[in-house]
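Read through the structure below, which is laid out as structure tokens, and then see the notes.
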Amino acid sequence: MEIPLLCYRSVSLDQIRSSCSLPSSVSDYRCFIKQKTLSSVYRFSLNRRKWRNPFAKIRCCSLHRGLQPRPKPKPSKFDADVEEETDLRDTQIKKPSARVCSQLEKLVLYGRYREALELFEIFEQYGGFDMGSSTYDALVSACIGLRSIPGVKRVFNYMMSNGFEPDQYMRNRILLMHVKCGMMIHARKWFDEMHERNLVSWNTIIAGHVDTGDYVEAFRLFLIMWEEFSDAGSRTFATMIQASAGLGLISAGKQLHSCTLKMGVGDDIFVSCALIDMYSKCGSIEDAHYVFDEMPEKTTVGWNTIIAGYALHGYSEEALDMYYDMRDSGVRMDHFTFSIIVRICARLASLDYAKQAHAALVRHGFGSDIVANTALVDFYSKWGRIEDARNVFNKMPCKNVISWNALIAGYGNHGRGDDAIELFELMLRQRMRPNHVTFLAVLSACSYSGLSEHGWEIFQAMGRDYTVKPRAMHYACMIELLGREGLLDEAFALIRGAPFKPTANMWAALLTACRVHQNLELGKFAAEKLYGMEPEKLNNYIVLLNIYNSSGKLKEAAAVIQTLRRKGLRMLPACSWIEVNKVTNVFHSGDKSHAQRKEIYQKVDYLMKEIAKHGYVPENKTLLPDVDEQEQRILSYHSEKLAIAFGLINTPYWVPLQIVQGHRLCSDCHKAIELIAMVTRREIVVKDASRFHHFKDGNCSCGDYW
DNA sequence: TTAGGGTTAG
């Protein structure tokens, strides 16, 4: 049951009870009291029937169960005075005064941050007015709420130039303002110059480094803190456990875990959730589950984290089971839950599950949630239902750059480059700022659809008009685009003109283009660059091998095969699957194990002939050593064509791989097997490991054993 | 006394 937002001049238990039903098992709710200092958190004890914090003079209070996104304050029928508050801006105000300060604070109180910063202009114009801590605090909240860098600069400059002397509390708030707006250089300078730092100051700066992905610096600071400050709280540990997860350092995470136990904060909810996340991200789902089991109170976030952990490991079935357990336990599910579930359904490639998740999401009131809907857009477009994706997208009440990117990428993947560009232009018209992922999606779409001119224009406009500096992946995309058009010299010039060292992806794009357009010289040059960078990547050798083969250079081709044999490189088979009549069917390249393989390949042959009648010439691009002619023929069929064929035949499926017993496998191979076991929902018998990874002498050559 | 922490989408 969703508890509505309540606004009271004073809050009584009866008022709460009359407006919402609270589960009797829960005795204590967090209340966010909107006071002068905004996000102050107090606790309202239903047992004691009073506010725990005796200092709180409650002017206005919002009570909710932590639902996200945080609801906007709105006039409540319980409080007539709030009606008066709806028009907070007095347009007659021209000069700074205590009254304006009060109005500014009220605007922030109601989440109208933009208007608050507009009102602040009056102070900036006149200058010299000492606003007092509470108004500065409100301005800090406005900047944090908007994540506005110009806002931070304005407020900070005003404070400094008007002689404001912040106390410890305000110094920490100023630090937080810089941290939350991503201004880590300024934040760090401010922190370094603080003559007195308390636990909050340390936690704030460390969390800032973790948020920006600078985990090493976070650890460095943590160690200094540990030495200088001789203290750390549960919040510090939760943050540092997050940093361990970011670095994938399970050893550090375990040390922190033992510290929390020694210091008696091991049961802290935040610490537990961070631990679950850390263990699952570091590959130990068992430890994650152990921490989850030990949690004294299993919260929504705890459930979400463990479900996401299972999903991360490919245990989608288990994750769904956990989701059902969560539902049965009566814990509130939030938009995080549904975002995770949608992603799991996408992984299971099951339209049925996804539709159920979509329905549950709407049923639980998260039908307009931005993250869950973006996940749905992505899912539907990947599933091939681009129109459904568009429908979800159109119905979204608010969209962010990620939502736009998901649909643009969807159109690109469906070969609908024009639609992708149209959507991109619509995005610009709606004043949504594109980021580097947007440009990647648009450029890929241009590349797939052969829209080289559009692509080139957009690539040039990126840095010039949108201040998004092209990265290596954008260059690789452009090289692919030019390469498809046969503009190999231009593509090569782009590599040479790049303002950074060309990456393997860029050379690979050029090499592929050289194969398609039979440019032996340039292809060889690109391949040699690639060998230096990725000596163990099979595909690079295969592409060069094909160039030599198709241009009749059999001697050179034989040399490449020799190199491959010497390095012990073998093909890692690709795998695809399709759901027919609620049964998932899995296929590998060259897979001959299906019970109805004869009918399937007959159908494929028939389809290929039909396609050929319409002028399609199959590209004989895969020429592998050690693969017989029959298998070559099968390999040349794209898995989608197999799927088309198979869609016409209703039958249970059969099995993908076989690996010799007694061989040791590396973790990558294990993951591959688990994936297939998960998709097929059957046990996999391993008979022949040679189809996996860098198989050599009966073992994986990487030496990273499970 | 106020301030700082954990899970999701491209």
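These figures come from a predicted structure and were not determined experimentally. Chain letters run A, B, ... following the sequence lines, proteins first and then strands; every chain starts at 1.
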Rounding to a whole Å, what distance do you find between [X]:[atom1] and [N]:[atom2]?
| X | N | atom1 | atom2 | answer |
| --- | --- | --- | --- | --- |
| A:Phe336 | B:dT7 | CZ | P | 8 Å |
| A:Tyr279 | B:dG6 | OH | P | 18 Å |
| A:Trp303 | B:dT7 | CH2 | C1' | 14 Å |
| A:Leu176 | B:dT2 | CG | C1' | 13 Å |
| A:Leu376 | B:dT8 | CG | P | 17 Å |
| A:Phe379 | B:dA9 | CZ | C1' | 14 Å |
| A:His209 | B:dG5 | NE2 | P | 15 Å |

Looking only at side-chain atoms of [X], point me to the closest of [options].
| X | options | value |
| --- | --- | --- |
| A:Tyr169 | B:dT2, B:dG5, B:dT8 | B:dT2 |
| A:Arg343 | B:dT7, B:dA3, B:dT8 | B:dT8 |
| A:Asn172 | B:dA3, B:dT8, B:dT7 | B:dA3 |
| A:Val301 | B:dG5, B:dG6, B:dA3 | B:dG6 |
| A:Arg235 | B:dG6, B:dG5, B:dT8 | B:dG5 |
| A:Val371 | B:dA9, B:dG5, B:dT7 | B:dA9 |

Using 30° and 60° as the class limits, which term best fits the ring planes of A:Phe379 and A:Trp383: parallel, tilted or perpendicular?
parallel
Classify the ring geometry of A:Phe366 against A:Phe338: parallel below 30°, tilted from 30° to 60°, perpendicular beyond 60°.
tilted
Under 4.0 Å between any heavy atoms, over every strand shown, what does [X] touch: base, sugar-phosphate, or nothing? Just pick one.
| X | result |
| --- | --- |
| A:Thr299 | base |
| A:Leu199 | base |
| A:Asp268 | base |
| A:Arg171 | nothing |
| A:Asp378 | sugar-phosphate |
| A:Thr305 | sugar-phosphate |
| A:Ile269 | base |
| A:Thr337 | nothing |
| A:Lys399 | nothing |

Is the [X]-[Y] ring centre distance short of 6.0 angstrom?
| X | Y | answer |
| --- | --- | --- |
| A:Trp404 | A:Phe393 | yes |
| A:Phe120 | A:Tyr158 | yes |
| A:Phe439 | A:Phe459 | no |

Report yes if at least one side-chain N or O of [X] is closer than 4.0 Å to OP1 or OP2 of [N]; otherwise report no.
| X | N | value |
| --- | --- | --- |
| A:Gln168 | B:dT2 | no |
| A:Lys382 | B:dA9 | no |
| A:Arg173 | B:dA3 | no |

Within the 3.5 Å criterion, strictly below it, is a donor on A:Arg173 or A:Tyr136 matched to an acceptor on the partner's side chain?
no
Under the 3.5 Å rule, do the base of B:dA3 and the side chain of A:Asp137 count as making a donor-acceptor pair?
no
Under 3.5 Å donor-acceptor pair, A:Asn373 side-chain atoms to B:dA9 base atoms:
no
Do side-chain atoms of A:Arg197 reach the backbone of A:Asp192 as a donor and acceptor pair under 3.5 angstrom?
yes
